[in-house]
Amino acid sequence: MVTNQVYRPKQFNLSGLTGISDRTLEVHFKLYQGYVAQTNVLNEKIAEVLKDGRIDHEEMPAYSELTRRLGFEYNGMVLHEYYFGNLKRDAGGEPPRDAGFRRAAEASYGAYEVWKADFVGVGKMRGVGWAICYQDPLNGRLSNHWITLHEVGNVSGFTPLLVMDVWEHAFLLDYKPAERPKYIDAFFANVDWQAIEARLRAAPRDTMRQRAAS
Ligand SMILES: [Fe+2]
């Protein structure tokens, strides 16, 4: 029997951010809720196909299309939860001197400022997507990645530590399309570095890849 657990949208209390308006957040929360709803719809429809325990030949085209869309909708849901979850009112600035994230950035890039230049650079890349700082669970190394849409470029098993939405809907009510750098400044003014530390502390170690390499 196929179990079908339903996802529910999380609530985020983010009003009063610096440089990202409440109106933008309101629209953005609605979009996020759409990804949660669509993830549930896909799972429901796939469960419907699997109800008789098999995928018939004539079901294959629709089943394939539903399954291909999982990456878009699931990542649309999950990445927004990471994004909203790493923002906070009256937060921002830079991570404290003794923060684990700063130390990891220094170990990986030589200096926190170099890590930041890279992350901001990724965020300014042309196209629709995300800038994500991941940690490799094998060796703790940080690396910044460009994700096209929601699903192209995520690294399997890596831990997302800092997630920045650079789809235009994230800032278009507050800035012009060409003003993405201003939005990126606003993003950094609202980063909840304590949340990043918590992600770092909770990050798993990759014992499976270690085992495979030994
Ligand atoms: Fe978004």
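Order of listing sets the numbers, starting from 1, for every ligand and every atom in it. Every heavy atom of this structure was used, including side-chain atoms; hydrogens, water molecules and symmetry mates were not. The residues of the chain are indexed from 1 along the displayed sequence.
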Subject >> Matching residue for Thr67 among Ile55, Ile46, Val49 - test: side-chain contact (heavy atoms from CB on, under 4.5 Å) >> reply: Ile46
**OP:** Taking the six-membered ring for Trp and the single ring otherwise, decide whether the centroids of His80 and Trp130 are under 6.0 Å apart.
**Re:** yes
Original post:
Quick one: are the ring centres of Tyr35 and Tyr74 less than 6.0 Å apart?
Top reply: no
Subject >> the Fe ion (ligand 1): angle it makes with NE2 (His169) and NE2 (His80), nearest 10 degrees >> reply: 140°
**OP:** Taking the six-membered ring of Tyr63 (Phe, Tyr or Trp), confirm whether the NZ or CZ of Lys45 is under 6.0 Å from its centre and within 45° of its axis.
**Re:** no
**OP:** With the Fe ion (ligand 1) as the reference point, give the N/O/S atom of Asp165 that is nearest.
**Re:** OD2
Subject >> Shortest-distance N, O or S atom of His28 relative to the Fe ion (ligand 1) >> reply: NE2
